[in-house]
Amino acid sequence: MGKTLIELKNLTKSYSGNRVVDNITLSIRENEFMTLLGPSGCGKTTTLRMIGGFEDPDSGSILFEGHDLLPVPPYKRNINTVFQRYALFPHMNVFENIAFGLRIKKIGKSEIAERVAKMLRLVDLDDFGKRNVDSLSGGQQQRVAIARALVNQPKVLLLDEPLGALDLKLRKEMQIELLDMQRSVGITFIYVTHDQEEALTMSDTVVVMNQGVIQQVGTPVDIYNEPINRFVADFIGESNIMEAVMPEDRVVVFDETTFSCVDTGFAPGEEVDVVIRPEDIRITVDPADGQLQGTVTSVVFKGVHYEMLIETKHREYLVQRTMMFPEGSRVGMNIQPADIQVMKKGDR
Amino acid sequence: MRLLAWPYVGWMAVFVVVPLLLVLVYSFTSGDIHDVSTWQFTADNFARFNEPTYLKVMGDSFVLATASTSICLLLGYPVAMIIARADIRYRNLLLMFFLVPMWMNFLLRTYAWMSLLSPNGLINRGLQALGLPILEIMPGPWAVLLGMVYNFLPFMVLPIYTVLSKIEKPLLEASSDLGANKFLTFWKVIFPLSIPGVVSGITMVFMPAVSTFVISSLLGGSKTLLIGDVIEQQFTYERNWHFGSSLSIILMIIILLSMAVMSRIDRKPAEGGRAV
């Protein structure tokens, strides 16, 4: 992956006194697939719109290849956007929608025809040029919107929840198609979504946001395995989160039980949060073999695994195993040191 | 549900179809209007229209109606745009400014212009006080034009405002995102999408303007005779309902033809797509 392309520095934006984006600093590299992930209202779309030029930040700066981007109006930015509801021009057919940007740039007719045809091929809509945009399905409109943006050969493509309006199956297909496209055209994608699975599937880098603040930046694997705080752990995937104490390095105590772990660098006796993924809890048939003991209170078949709730003296644990333990059975639970993720108590 | 349509059908039959047929019958006959036994079938009424006086009146009516429609479009489009772009809180207030005068009687408003424009009316007294030459446009075609624009402007603003306010903001952002500055966004996105409003605005202004007789008889005097005035005269002073009817029929046909042309423009595909 290449050099830094876009830098956001201390970006802040408020709407009527409400801080939507709060002092964000982030750098985006060339050819990176970066996803801004967070619940609705976390500021991800506002951040994207500031990069696109549709909102001005109250303070902070945006650098594009080292130059200040803020004075540049949206129509002069080498950035294109795929809008949430596609925003295709209803008075133009598919061809004209895609050709719009090229016509503005006064590119020759034959070159326009060539480039649009190439884009139609890329998004798999070869014979759709003359079709009316409102005769297309959601997925097709989506692809026209992507083609309309990509035909301008932007350095950066901004995508604002582009798959939000599609049904699950189509969404999964489009995720893979989008990834293929990004790799084949080799441009930077900045993708906004609230769907954590989508973020993990597609991105090189995930930026988790909450209440206008970046919580964690990392690869999907990092974000999943080493969430930095309770919010990230809770938002990404399913998890068991509990309050614990670290009497010393590599030792953590919760539910009146002492576990060894791999985390260091906390003050002796510091109160922390601990996250354990449901698939990392192993069940023993003999309760005495487990570090924790409990009773299975519910079993749900999920296809690949069974999802069980196991009640201990202190709490209910969510556990995913391929082997089923019947409701009411008394079992033990073990957790490997590497599967315990210790997090600083979040101020947020 | 179909039963519910009958009152409407009955209404249309009694108050639209029958009168139209009557006008048609009058236009193709001559004789004493009170005595049907004297009526004879004839096409002379239509032939009489071919006289220079009537052709000129029809021509003048068209010129004035076209001029007033054009001015209404040039004035009304920007106004509609300003209202449609205004903050939603002020939109209704701005619209009210345009609509409140319409609540007043049409005749009253035109009389008001009469007194404003008269040689010693408010406007001219103001001009005199400032030492400026006075305006002597009333009675005359300019006063008629002014009266038409004033009275019919809301009919242009409203339909255009309606289509403009329905254009979704992301479309404008998309246009800007794809490299179009404000002018190009207007020319390539906003204007083509507003054509249906423009067409209905033009229709709603042109039709009453071409057939009006109140404005022209109040503000135009005897110098500015429009086709509406001639028809009115035929029915009232001349008591020649036959000729009046044939003039009405001719006017109606011309209006229908111009509407047909307009609706073609409406449906004309804009740059390979189609107008919505």
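Reminder, nothing fancy here: chain letters follow the sequence lines and each chain counts from 1. This is a predicted model, so every value here is computed, not measured.
Of the atoms belonging to A:R148, heavy atoms from both backbone and side chain fall under 4.5 Å from chain B. Only the side chain of A:N152 comes within less than 4.5 Å of a heavy atom of chain B; its backbone N, CA, C and O stay farther away. When heavy atoms are compared at a cutoff of 4.5 Å, A:L102 does not approach chain B at all. Of the atoms belonging to B:E173, heavy atoms from both backbone and side chain fall under 4.5 Å from chain A. Contact annotation for B:T185: neither backbone nor side-chain heavy atoms come within less than 4.5 Å of a heavy atom of chain A. Looking at A:L158, there are no atoms closer than 4.5 Å to chain B (heavy atoms on both sides), in backbone or side chain.
Separating the OG1 atom in A:T81 from the CG atom in B:L178 is a distance of 8.0 Å, to the nearest 0.5 Å. Rounded to the nearest 0.5 angstrom, A:F83 CZ and B:E168 CD are separated by 12.0 Å. Separation of atoms CG (B:L184) and OH (A:Y75) is listed at 9.5 Å; rounding is to 0.5 Å. To the nearest 0.5 Å, the span separating OG on B:S176 from NZ on A:K76 amounts to 11.0 Å. The distance from the NZ atom of B:K188 to the NE2 atom of A:H91 is 8.5 Å, given to the nearest 0.5 Å.
B:L171 has its side chain within reach of A:P90: a pair of non-hydrogen atoms, C-beta onward, lies under 4.5 Å apart. Two residues are said to be in side-chain contact when any heavy atoms from C-beta on lie closer than 4.5 Å; A:F100 and B:V189 meet this criterion.
No side-chain donor-acceptor contact under 3.5 Å links B:D177 to the backbone of A:G52.
For A:K105, the NZ atom counts as densely surrounded, since its 6.0 Å shell holds more than 12 non-hydrogen atoms of other residues, nucleotides or ligands. Annotation for A:R171: atom CZ counts as buried by contact number, over 12 foreign heavy atoms lying within 6.0 Å. In the displayed structure, B:I88 atom CD1 is contacted under 6.0 Å by at most 12 heavy atoms of other residues, nucleotides or ligands.
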